A.B. asks: 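Could you have a look at this structure, given as structure tokens, before my questions?
Treat the numbers as computed from the prediction; the structure is a model and nothing was measured. Throughout, protein chains are lettered first and strands after them, A, B, ... in sequence-line order, and every chain is numbered starting at 1.
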Amino acid sequence: MAGSQPRPGFEPAPPPRPGGIAARAAAARAMPAPTYLDNLNPEQREAIVTIDGPVLVLAGAGTGKTRVLTTRIAHILATGHARPSEILAVTFTNKAAREMKERIAHLIGERVEGMPWLGTFHAIGTKVLRRHAELVGLRSDFTILDTDDQLRLMKQIIQAEGIDEKRWPARQLASFIDTWKNRGLDPDNIPPLEAKAFGNGKGGDLYRAYQARLKTLNATDFGDLLLHVIKIWQRHPDVLADYQRRFRYILVDEYQDTNVAQYLWLRLLAMQTKNVCCVGDDDQSIYGWRGAEVDNILRFEHDFPGAKVIRLERNYRSTTHILAAASHLIAHNESRLGKTLFTEKNHDDAEKVAVASSWDSEEEARSISDEIERLQRDGHKLNEIAILVRASFQMREFEDRFVTLGLPYRVVGGPRFYERAEIRDALAYFRTTCQPADDLAFERIVNVPKRGLGDASLQQVHGLARARGVPLLAAAGLIVETEELKPKARSSLKGLVDSFTRWRAQLEHMPHTDLAGIILDESGYTEMWQNDRSAEAPGRLENLKELLRSMEDYESLPAFLEHVSLVMDTENDPSLDAVNVMTLHSAKGLEFDTVFLPGWEEGLFPHQRALDEGGRAGLEEERRLAYVGITRAKKRAQIWFASNRRIHGSWQTSIPSRFLDELPEPHVEVIESKSNYGGYGRSRFDQMEPFGSTYATPGWQRAQKLKAGGRTAGGYGSSSDDYAQDEYDRAPGEAQRGRFGDAAGGRGGGRGGFGEAGRGFDHDSYRTPARDRWGNPLREKKLGGVIEGSLVAKSVSTGAATYAVGERVFHQKFGIGSVIEVEGNKLTIDFDRAGRKRVLDSFVTRP
DNA sequence: GGTCTAGCCATTTTT
DNA sequence: TGGCTAGACC
């Protein structure tokens, strides 16, 4: 798990006696009766009890996947087949790992503490890599760069290669390299054609240069956490054998999301014992675009001959209608292993899956929030309601609406705590303190707060660092002893260098939380935000406090930094009752009583780009996304589409998603539009050109139906865009109304009018004005990048030339002069025009 | 070295 | 439409 400290050495497991008498006896004492096997269905039980040999568990949505995984672990432990430290359990997200830990703890008690190898691929990769870092030319205290650092590094490399940054943006290179790493390719074995596809054929070289830079920085990116480990295992069979022996049982969650690198990683480990259990659902593979290989799951039986495949199809989550809708839809996909979910519960009185339309996206937001208020009045918890969108821009209208209504909501996903500028700045200070060689961190904060250290000064430091082959901080330490920099820059840089020296000295002697506070205060960083008059400054200070608080859970600053680089998520406050707003992607694995699925329109869902770039495979992945969306619902699912949507600022007429017609009639109820605009397409309907008509046709039929029934309702004022009207609508005392059609008629019941508009508005707990989210995101400070091939670089001699007293030398800034004194690499020179100066030898040349 | 403005681009996201 | 970036300008 993340947060683990690098441990020196590798403790090999004592002689294993799987299922031995002693082991069983010990287990029997701790675990008198295996109650954990109660209340399981036959398939689940089989998936749990079949512990030897390869097993693939195809677990449909809501079939108890996590339960199987955790119980399986409990079973392995209880039967004495392995000890906690001999089980490797891999997940994709920290959240999943955390949940699994909790649930195992619940099952078997405290012994979960002894499961050191339960974690994400990356956390486990880090742990392995720290033990063997030297085998790939790193030190065990390497840093893990995040995407922001990577990008800056790539920018520097692109510049250094003299490539036009505009034509070849660093982002694109980052995505190339990411893709290569996902596929387990290092610079030496990328396909030549791909290597040439970037930067005038220099793609491969840039990748190589990037890796080289990482090594000198003693750093890795996320991909390396897997790749380096694969390399180590491939090149050092003895090391691999150690791990193969250690991990008697391997479990993998969300197997459909593994990429090639992760697959290779797993295969190396599992080769020996073959006790590998992969749990996944090919129908929920929605991460193909970031390298996930559905093939891994489709090929499992081929890769592990004799594998047992167990299907979990008994669904415990949703009603018959919801399951039928989802199943019918997903059956339109061709590449799948095939599963059919069913439920044994009787849902006679359950609601059918609702399909509704609106005139535009604004009305969609209004209608859905009306419906949510209705549910709330009927006693439903907001926490049990979710709005799942395809793309995050769709959230805005909902947020606006919720703010207007004072309806509590939370955005799940979104910008994360550790990605906020102030948090990253603070972390950069801590990183530089712990890791004086962390140039990227140093660069980030060298002029934050402003210290008058701009590009020009930084270039000097960079030039020297490169010439000497030392980190920036060290170079800064050297340069401030000279007169290279302007006096102002020099003294402020000296101040910073001295501070870091001081903080570093305190690292050992002071509680790390105290030190962190001192660093932020002494550096002037806290003060910078205190003096900032902008609206977000208080929030940022609060975030910094929160950062210091969260540090208390870790034993040292380095331990905390490791945690941060691997765990980028923050928990939402579940105690607050609020509507959940998120993308379909981030909804995977969650469930809610009621799910709203807005924006089912061609081009948005399925997304045009998925179709353009992915063809049929792209369409199928979109369909799986739809499947994921529907199966999140326990009791109620409502699908919406708007006839008009604003895209990139201009209004566009849209066609209902083809997925709508892939739903089964008997389980779907078409809901009348409440809008007095007339539901789908009164006027627009006739205007619509059959563009993309092959796709449009199916949706057409649905559109006709909706048109037929779409104009009836229209409560008063429901169509008003007018804010005042809106508030008026909210006056109490409106009569009962039917389920959907007249929801807008008045939001009377529960919430009053004006006075309560802000009720439950807790600024700390959920997002307030939508502006905050969209108008004020993480503005990063721009720091001077590295300038290669600049004037400075030219004036820097590469070797450490030595000069003799009396020798004539040339300095870029001060001109010609005579060496007066030589003290190591520091020269005192009488310049003909500039007078006597102390400079570093690498800044002068022989004329 | 900081601020202003024109031009570009615009799914999905974890580690 | 609007947010972000790079480069011009003060």
A.B. asks: Measure from the side chain of A/T120, starting at C-beta and using heavy atoms only, and say which of B/dG1, B/dT15, B/dT11 lies closest.
C.D. replies: B/dT15
A.B. asks: Can you confirm whether more than 12 heavy atoms, excluding those of A/R267, are under 6.0 Å from its CZ atom?
C.D. replies: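 Open.
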A.B. asks: Not counting sequence neighbours, list each pair that qualifies as a salt bridge (Lys or Arg N to Asp or Glu O under 4.0 Å) and has a residue in residues 639-650 of chain A.
C.D. replies: A/E364-A/R645, A/E601-A/R645
A.B. asks: Looking at B/dT12, C/dG3, B/dG1, which one has an atom nearest to any side-chain atom of A/R396?
C.D. replies: C/dG3
A.B. asks: What nucleic acid atoms does A/R390 come within less than 4.0 Å of, heavy atoms only: base, sugar-phosphate, or nothing?
C.D. replies: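 Answer is base: heavy atoms of A/R390 come under 4.0 Å of a base.
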A.B. asks: Check whether any side-chain nitrogen or oxygen of A/K95 sits under 4.0 Å from OP1 or OP2 of B/dT13, and answer yes or no.
C.D. replies: no
A.B. asks: Please determine whether a side-chain nitrogen of the Lys or Arg among A/R444 and A/D148 lies less than 4.0 Å from a carboxylate oxygen of the Asp or Glu.
C.D. replies: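 Yes.
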A.B. asks: Could you check whether A/E622 pairs with A/R390 (Lys NZ or Arg NE/NH1/NH2 to Asp/Glu carboxylate O, under 4.0 Å)?
C.D. replies: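 A/R390 and A/E622: salt-bridged.
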A.B. asks: Across the strands shown, which category fits A/Q150 at heavy-atom distances under 4.0 angstrom: base, sugar-phosphate, nothing?
C.D. replies: nothing
A.B. asks: Is the aromatic ring centre of A/H607 closer than 5.5 Å to the centre of the six-membered base ring of B/dT11, with the two planes inclined by less than 30°?
C.D. replies: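 Yes, the aromatic ring of A/H607 stacks with the base.
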A.B. asks: Whole Å only: how far is the CG atom of A/N259 from the P atom of B/dT14?
C.D. replies: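 After rounding, the reported distance stands at 15 Å.
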A.B. asks: Need to verify one output field. Residue with the more 5' nearest nucleotide on DNA chain B, A/L625 or A/L453?
C.D. replies: A/L453
A.B. asks: Return the nearest nucleotide to the side chain of A/N447; candidates are B/dT12, B/dG2, B/dT15.
C.D. replies: B/dG2
A.B. asks: Output the rounded distance in Å from NZ (A/K155) to P (C/dG7).
C.D. replies: 10 Å
A.B. asks: Testing the basics here: between A/P598 and A/F596, what is the closest heavy-atom pair and its distance to 0.1 Å?
C.D. replies: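 Nearest pair, atom of A/P598 first, then A/F596: CD-O, 3.3 Å.
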A.B. asks: Do the charged groups of A/E399 and A/R396 touch, with an N to O distance under 4.0 Å?
C.D. replies: no
A.B. asks: Just checking A/G452: base, sugar-phosphate only, or nothing, at a heavy-atom cut-off of under 4.0 Å?
C.D. replies: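 The answer is sugar-phosphate, as A/G452 gets under 4.0 Å only of primed atoms, P, OP1 or OP2.
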A.B. asks: Counting side-chain heavy atoms from C-beta on, which of B/dT14, B/dT11, B/dT13 comes nearest to A/W289?
C.D. replies: B/dT13
A.B. asks: Between B/dT11 and C/dC4, how far apart are the two P atoms, rounded to whole Å?
C.D. replies: 14 Å
A.B. asks: Within a strict 4.5 Å, meaning less than it, do heavy atoms of the A/F393 and A/L604 side chains meet?
C.D. replies: yes
A.B. asks: Roughly, in whole Å, what's the span from CG in A/L388 to C1' in B/dT11?
C.D. replies: 16 Å
A.B. asks: Could you work out which one of B/dT11, B/dT13, B/dG1 sits closest to the side chain of A/A391?
C.D. replies: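 Nearest to the side chain of A/A391 among the choices is B/dT11.
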A.B. asks: Among B/dT15, B/dG2, B/dT12, which nucleotide has an atom closest to any side-chain atom of A/K450?
C.D. replies: B/dG2
A.B. asks: Using nucleotides 4-7 of chain B, report all nitrogen or oxygen pairs with the protein that are shorter than 3.5 Å.
C.D. replies:
none

A.B. asks: Could you check how far CZ of A/R609 sits from P of B/dC9, rounded to whole Å?
C.D. replies: 11 Å
A.B. asks: Between C/dT5 atom P and A/R152 atom CZ, what is the distance in whole Å?
C.D. replies: 13 Å
A.B. asks: Taking the chi torsion of B/dT11, is it syn (within 90° of 0) or anti (everything else)?
C.D. replies: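 Syn, which is what one calls it when the glycosidic angle falls within 90° of 0.
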A.B. asks: Does A/T147 have any side chain to side chain donor-acceptor pair (under 3.5 Å) partners at least two apart in sequence or in another chain, and if so, which?
C.D. replies: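 Side chain to side chain donor-acceptor pair (under 3.5 Å) list for A/T147, sorted by chain: empty.
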A.B. asks: Should A/S392 be listed as having a side-chain N or O under 4.0 Å from OP1 or OP2 of B/dT12?
C.D. replies: yes
A.B. asks: Counting distance only, does the side-chain N/O of A/K127 pair as donor-acceptor with the main-chain N or O of A/P116 below 3.5 Å?
C.D. replies: yes
A.B. asks: Where the side chain of A/H648 is concerned, which of B/dG1, C/dT1, B/dT15 is the nearest nucleotide?
C.D. replies: C/dT1
A.B. asks: Any base atoms under 4.0 Å from A/S650, or only sugar-phosphate, or nothing? Heavy atoms, all strands.
C.D. replies: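 Result for A/S650 = nothing.
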A.B. asks: In whole Å, I'd like the distance from the CE atom of A/M395 to the C1' atom of B/dA10.
C.D. replies: 16 Å
A.B. asks: Strictly below 4.0 Å: does A/T583 bring a side-chain N or O up to OP1 or OP2 of B/dT13?
C.D. replies: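 So the side-chain polar atoms of A/T583 do come within 4.0 Å of the phosphate oxygens OP1 or OP2 of B/dT13, strictly under.
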A.B. asks: In whole angstroms, how far is the C1' atom of B/dT11 from the CD1 atom of A/I647?
C.D. replies: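 Roughly 11 Å, once rounded to whole Å.
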A.B. asks: Are OP1 or OP2 of B/dT14 and a side-chain N or O of A/N94 less than 4.0 angstrom apart?
C.D. replies: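 False: A/N94 side-chain N/O out of range (4.0 Å or more) of B/dT14 OP1/OP2.
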A.B. asks: Within the 4.0 Å heavy-atom criterion, would you say A/K588 contacts the bases, only the backbone, or no part of the nucleic acid?
C.D. replies: nothing
